[in-house]
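Here's the structure we're looking at; comments come further down.
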2 protein chains.
Amino acid sequence: MIDRYSPEKIYMQIAKAIESDLQEGFEAGDLYLSEKTLTEKFGVNRHTVRRSIEELVKQGVLEKRHGFGTFVAEKRLAYRIKGHQRLTEAVEANGLSVETTVLSKSTILARGSIAENLQLKNGEEVIQVNTLRKIDNKELALISHFLPKAFCPEVLESYESGSLGSFLINVYGIKAKRISSLVSSAMPNASDNFQLGMMGSQPILKVKTLNKDDVSGKIIEYSVSRFRSDMIQLEILINPEQP
Amino acid sequence: MIDRYSPEKIYMQIAKAIESDLQEGFEAGDLYLSEKTLTEKFGVNRHTVRRSIEELVKQGVLEKRHGFGTFVAEKRLAYRIKGHQRLTEAVEANGLSVETTVLSKSTILARGSIAENLQLKNGEEVIQVNTLRKIDNKELALISHFLPKAFCPEVLESYESGSLGSFLINVYGIKAKRISSLVSSAMPNASDNFQLGMMGSQPILKVKTLNKDDVSGKIIEYSVSRFRSDMIQLEILINPEQP
DNA sequence: TGCCATTTGTTCGTATGTATC
DNA sequence: TGATACATACGAACAAATGGC
């Protein structure tokens with residue numbers, strides 16, 4: 001099963017063997033074989049097996065839980081978010097509902113990129129709201145919203161759940177419209193990993209969004225969203241109605 | 001220096017120690033201490049040092065080269081690509097030039113997502129061109145272009161370098177216009193890593209783009225770009241000229 | 001060219017810690 | 001509490017890549 005004289009590293013040979021093994025007798029969510037079992041099956045050291053599993057975890061094929069075992073990773077659908085839609089609208093267009101949890105609310109002082117994006121002076125008060133979005137009971141995104149406090153102080157007191165976009169419409173009659181997004185990709189930090197239920201081996205898609213009041217044109221929200229990359233694709237349509 | 005009775009793992013203590021060490025006496029690009037030196041400095045096993053370095057590589061703080069050593073990672077600028085621009089235009093707008101290398105050209109038969117996106121039947125001939133884009137002599141992106149062979153067979157024979165967009169203008173008088181992009185994030189495979197000069201610990205930003213002929217409206221190119229996430233941010237402006 | 005020292009990469013062995021059920 | 005499984009750490013040896021001589 002293992003060719004010790006091959007130029008291909010043993011841990012890579014095992015990783016490939018496990019991958020084809022998975023396609024034959026395992027389904028997503030199944031508990032996979034223990035390190036000990038694999039060690040005996042392939043006749044190698046436990047560290048070598050661990051190295052193989054590490055590769056597959058990095059590829060998103062397997063997931064591990066300390067003290068319990070190794071699983072076959074769930075294959076997740078990718079949701080398409082159209083450029084001009086807000087997250088909630090886009091997902092609901094797919095017939096799914098988004099569950100929003102407010103993780104924290106606080107007042108901070110504007111500085112750096114937040115001040116710059118909201119067009120505020122350093123030191124002006126900003127409301128920060130952190131929310132977790134779930135679809136189908138699976139963590140999808142962590143969003144940090146930043147709003148000028150002078151503009152919508154009620155958010156700090158009254159916003160508890162649901163779409164922040166809807167809240168702004170209901171309370172202020174303001175329809176936030178996205179004017180630009182900055183998309184990048186990065187590895188999640190420990191806190192992101194924890195809150196998104198990730199294993200640390202998959203990247204996140206980071207989207208910084210600027211929303212303005214559709215009527216006055218004033219910037220009312222800057223947000224930083226961190227999406228699980230295994231659950232989302234952003235679809236960007238370039239000026240679809242223009243000649 | 002190391003507290004063996006702390007609940008914090010030794011490799012994490014060392015990772016933090018190295019990180020502050022870097023801020024004091026090292027600059028980006030510097031060769032860092034060898035594993036052997038660190039082993040002696042911290043009085044731990046080499047595996048433990050390697051585990052610490054692994055963390056920092058994952059964070060993008062350090063980079064390694066087999067047989068040579070460990071480096072302090074370069075801090076790279078993020079280039080902003082506006083939604084409606086082609087890559088070459090956008091980067092040149094920043095006063096930089098893009099170097100294009102054609103890695104391979106071949107004819108393949110349309111199937112799956114390629115057939116679907118180019119609106120071709122399964123089995124129709126498609127030209128695939130793989131290119132590497134560099135800025136400032138640094139690898140930025142790998143792009144796989146797919147074009148219907150019936151439409152532009154000359155690409156296979158004559159396209160050797162430079163922007164593919166310019167080639168299409170020069171030879172056919174056709175201005176390709178991007179109509180949609182699908183953005184996602186993933187870990188690179190071994191080949192991507194190699195060609196982009198990456199170390200395997202950083203994600204890539206994947207952009208699937210559909211381009212049509214501005215005049216006839218016919219779809220003429222489908223491309224899949226893999227950007228180094230440490231060098232690029234995509235800037236998306238949503239219908240900027242509309243009310 | 002080839003050899004050598006250095007450095008990172010892989011593999012084995014062993015022991016102990018920690019989480020889960 | 002005990003059994004099982006993954007996590008951390010130490011020690012040793014050899015492989016593979018690099019750069020200099």
Side-chain angles (χ1 to χ4, degrees), chain A residues 1-18 26 29-58 61-73 190 193-194 197-201, chain B residues 1-18 26 29-58 61-73 190 193-194 197-201:
Chain A
M1 214 166 205
I2 297 299
D3 179 5
R4 289 187 174 270
Y5 302 101
S6 162
E8 179 161 40
K9 301 300 173 193
I10 294 175
Y11 75 88
M12 282 304 297
Q13 294 182 42
I14 293 178
K16 287 179 183 172
I18 291 175
F26 292 87
D30 285 359
L31 184 63
Y32 191 57
L33 308 176
S34 73
E35 292 175 355
K36 186 163 175 285
T37 309
L38 291 168
T39 295
E40 289 158 2
K41 177 172 175 178
F42 291 107
V44 296
N45 189 272
R46 186 170 150 231
H47 287 303
T48 308
V49 166
R50 282 176 62 80
R51 186 72 178 79
S52 309
I53 292 173
E54 207 177 282
E55 285 301 307
L56 296 171
V57 169
K58 204 187 305 191
V61 176
L62 291 177
E63 290 177 2
K64 295 204 282 185
R65 272 179 57 198
H66 189 173
F68 192 75
T70 304
F71 297 86
V72 183
N193 261 324
F194 175 71
M198 296 172 73
M199 301 301 161
S201 55
Chain B
M1 215 165 203
I2 298 299
D3 178 4
R4 289 187 173 268
Y5 302 100
S6 162
E8 179 161 40
K9 303 300 171 193
I10 294 174
Y11 74 88
M12 282 305 298
Q13 294 183 44
I14 293 178
K16 287 178 182 171
I18 291 175
F26 292 87
D30 284 1
L31 184 62
Y32 191 58
L33 309 177
S34 72
E35 292 175 358
K36 185 164 175 290
T37 309
L38 291 168
T39 295
E40 289 157 2
K41 177 173 177 180
F42 292 106
V44 296
N45 189 272
R46 184 171 155 228
H47 287 302
T48 308
V49 166
R50 282 176 62 80
R51 184 76 173 79
S52 310
I53 291 173
E54 206 177 282
E55 288 300 307
L56 296 170
V57 168
K58 205 188 307 192
V61 176
L62 292 176
E63 289 176 2
K64 296 206 282 186
R65 271 179 58 197
H66 188 176
F68 193 74
T70 304
F71 297 86
V72 183
N193 261 324
F194 176 73
M198 297 172 73
M199 303 300 161
S201 56

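Just so we're on the same page: letters track the sequence lines, and every chain starts at 1. Heavy atoms only: backbone and side chains are in, while hydrogens, waters and symmetry mates are out.
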| Phosphate-side-chain proximity, Arg51(A) and dT10(C), N/O vs OP1/OP2 below 4.0 Å | yes
| Where the side chain of Arg65(B) is defined as all heavy atoms beyond and including C-beta, which of dG11(D), dG19(D), dC6(D) is the nearest nucleotide? | dG19(D)
| query | Separation of His66(B) atom NE2 from dC14(D) atom C1', in whole Å? | reply | 12 Å
| Within the structure, does a side-chain N or O atom of Arg4(A) lie under 4.0 Å from either OP1 or OP2 of dC12(C)? | yes
| note | The residue, Pro7(A) or Ile10(B), whose nearest nucleotide of DNA chain D is more 5′ is Ile10(B)
| said: Please determine whether side chain to side chain contact (heavy atoms under 4.5 Å, CB included) holds for the pair Thr39(A) and Asn45(A), giving the CA-CA distance in whole Å, both sets of side-chain angles, and the decisive distance to 0.1 Å. | reply: CA-CA 6 Å; Thr39(A) 295; Asn45(A) 189 272; over 6 Å; no
| Presence of Thr70(A) side-chain N/O under 4.0 Å of dA5(D) phosphate oxygens OP1/OP2 | no
| Could you state the NE2-P distance from His47(B) to dT14(C), rounded to the nearest angstrom? | 14 Å
| Phosphate OP1/OP2 of dA7(D) contacted by Arg50(A) side-chain N/O (<4.0 Å) | yes
| field | Side-chain donor/acceptor contact of Arg46(B) with base of dG9(C) under 3.5 Å | value | yes
| said: For Gln13(B) versus Glu8(B), what's the shortest heavy-atom pair and its separation? | reply: NE2-O, 2.9 Å
| request: May I ask you to evaluate whether Asn45(A) reaches the phosphate of dG13(C), defined as a side-chain N or O under 4.0 Å from OP1 or OP2? | output: yes
| Taking the side chain of Ser34(B) as its heavy atoms from C-beta onward, which of dT8(C), dT18(C), dC10(D) lies nearest to it? | dT8(C)
| task | In whole angstrom, give the distance that lies between atom NZ of Lys9(B) and atom P of dG17(C). | result | 10 Å
